[in-house]
Amino acid sequence: MHFSDLDLPEPLSRAVQDMGFETPTPIQEQALPPLLDGRDVAGQAQTGTGKTACFLLTAMTRLLDSERPDNGNPRALIVAPTRELAIQIAEDADQIGMHTELAVTLCYGGTGWDKQARDLEKGCDIVVGTPGRLMDYYRRGILRTSNIEIFIVDEADRMFDMGFIRDIQFLFSRIPPREKRQALLFSATLSQNVLTLAYRHMTDPVEVLI
């Protein structure tokens with residue numbers, strides 16, 4: 001398989017070419033076809049296997065095919081367990097979305113509360129963040145989740161290890177119902193805890209094991 005076989009939107013296809021990607025990694029090859037079909041996916045993949053590009057291409061393909069709401073609410077929410085990972089995902093999103101007008105806002109704790117809040121209030125398409133900061137903005141009415149079309153949980157096993165799983169379950173309960181959105185979950189291991197989370201909040205998820 002080549003990326004050209006995936007029928008990606010032209011701006012994303014051009015970005016993939018500009019970044020020098022030709023052949024998908026194993027997780028991309030197995031997960032992208034069902035994801036681009038709109039299926040929910042629970043994927044087992046280590047860091048560095050290409051899963052970030054996998055879920056960003058999915059999210060951006062979906063968003064390019066729908067209208068940005070007039071209220072400026074985000075349409076994609078990506079949750080990562082650490083600020084370092086959230087920053088990396090946002091940087092990758094800027095690259096993959098270089099030929100689109102999709103706006104990405106990054107939210108993580110420890111710094112920049114006011115600036116991040118202003119960025120959210122200005123409106124954006126994709127929010128990437130860590131659980132604590134996202135929960136803070138949600139409770140203050142700054143992060144609005146009523147227009148979320150795609151929800152992505154990265155490194156779900158670490159969410160359990162770091163005590164964030166209640167926050168993830170809370171966010172799942174505050175986005176539109178499963179028939180109105182797509183959900184992706186990636187984890188280094190699809191443990192029983194992770195699979196329980198997936199089957200509780202996702203629609204017949206495709207399991208992809210790498």
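Along the sequence shown, the residues carry numbers beginning at 1. Since we're looking at a predicted model, the values are computed, not measured.
- Between Ala31 and Cys54, the shortest heavy-atom contact is CB-SG, 3.7 Å.
- When every heavy atom of Gly43 is checked against every heavy atom of Leu190, the shortest pair comes out as O-CD2, 4.0 Å.
- If you take CD on Gln28 and CZ on Phe21, they are separated by 7.0 Å, rounding to the nearest 0.5 Å.
- Hydrophobic clustering (ILVMFWY, side-chain heavy atoms < 4.5 Å, transitive): Val41 and Met60 are in one cluster.
- The shortest side-chain heavy-atom distance between Phe172 and Arg181 falls under the 4.5 Å cut-off.
- Put simply, Leu143 and Leu63 are part of two different groups of oily side chains (I, L, V, M, F, W, Y) that touch within less than 4.5 Å, one to the next.
- A donor-acceptor pair is defined here as one N or O able to donate and one able to accept, closer than 3.5 Å; no such pair exists between the side chain of Thr25 and the backbone of Gly50.
- For the pair Val79/Phe164, no side-chain contact is recorded, criterion being any heavy-atom separation below 4.5 Å from C-beta on.
- The shortest distance between side-chain heavy atoms of Glu155 and Lys51 falls below 4.5 Å.
- Environment of CG in Asn71: crowded, with over 12 heavy atoms of neighbouring residues, nucleotides or ligands closer than 6.0 Å.
- For the pair Arg75 (side chain) and Ser66 (backbone), a donor-acceptor distance under 3.5 Å is present.
- Across Leu36 and Leu57, no two heavy atoms sit closer than the pair CD2-O, 4.5 Å.
- Pairing each heavy atom of Pro176 with each of Ser146, the nearest pair is CG-O, 3.4 Å.
- The CD atom of Gln17 sits 9.0 Å away from atom CZ of Arg14, with the distance rounded to the nearest 0.5 Å.
- Applying the side chain to side chain contact (heavy atoms under 4.5 Å, CB included) test between Leu197 and each of Gln192, Gln169, Met202 identifies Gln169 as the sole match.
- In this structure, the salt bridge (Lys or Arg N to Asp or Glu O under 4.0 Å) partners of Glu149, at least two apart in sequence or on a different chain, are Arg62.
- At least one side-chain heavy atom of Leu32 sits under 4.5 Å from a side-chain heavy atom of Phe3.
- For the pair Arg133/Trp113, a side-chain contact is recorded, criterion being any heavy-atom separation below 4.5 Å from C-beta on.
- Between atom OG1 of residue Thr58 and atom CG of residue Leu6 there is a gap of 9.5 Å, rounded to the nearest 0.5 Å.
- From Lys115, atom NZ reaches atom CG of Leu120 across 10.0 Å, with rounding to the nearest 0.5 Å.
- The line from CD1 of Ile148 to CG of Asn73 is 8.0 Å long, rounded to the nearest 0.5 Å.
- If you take CE on Met162 and CE on Met159, they are separated by 8.5 Å, rounding to the nearest 0.5 Å.
- A side chain to side chain contact (heavy atoms under 4.5 Å, CB included) with Ser187 holds for exactly one of Asp154, Asn193, Leu195, Val194; it is Val194.
- Leu35 is not listed as a side-chain neighbour of Phe55, based on a closest heavy-atom distance of 4.5 Å or more.
- Ring orientation note: the planes of Phe170 and Tyr138 are nearly perpendicular, at an angle over 60° on the 30°/60° scale.
- Salt-bridge annotation for Asp161 and Arg158: absent, with no side-chain N of the basic residue lying under 4.0 Å from a carboxylate O of the acidic one.
- Residues Asp204 and Asp40 form no side-chain contact, since every pair of their non-hydrogen atoms from C-beta on lies 4.5 Å or further apart.
- Annotation: Glu22, atom CD; neighbour count of heavy atoms from other residues, nucleotides and ligands within 6.0 Å does not exceed 12.
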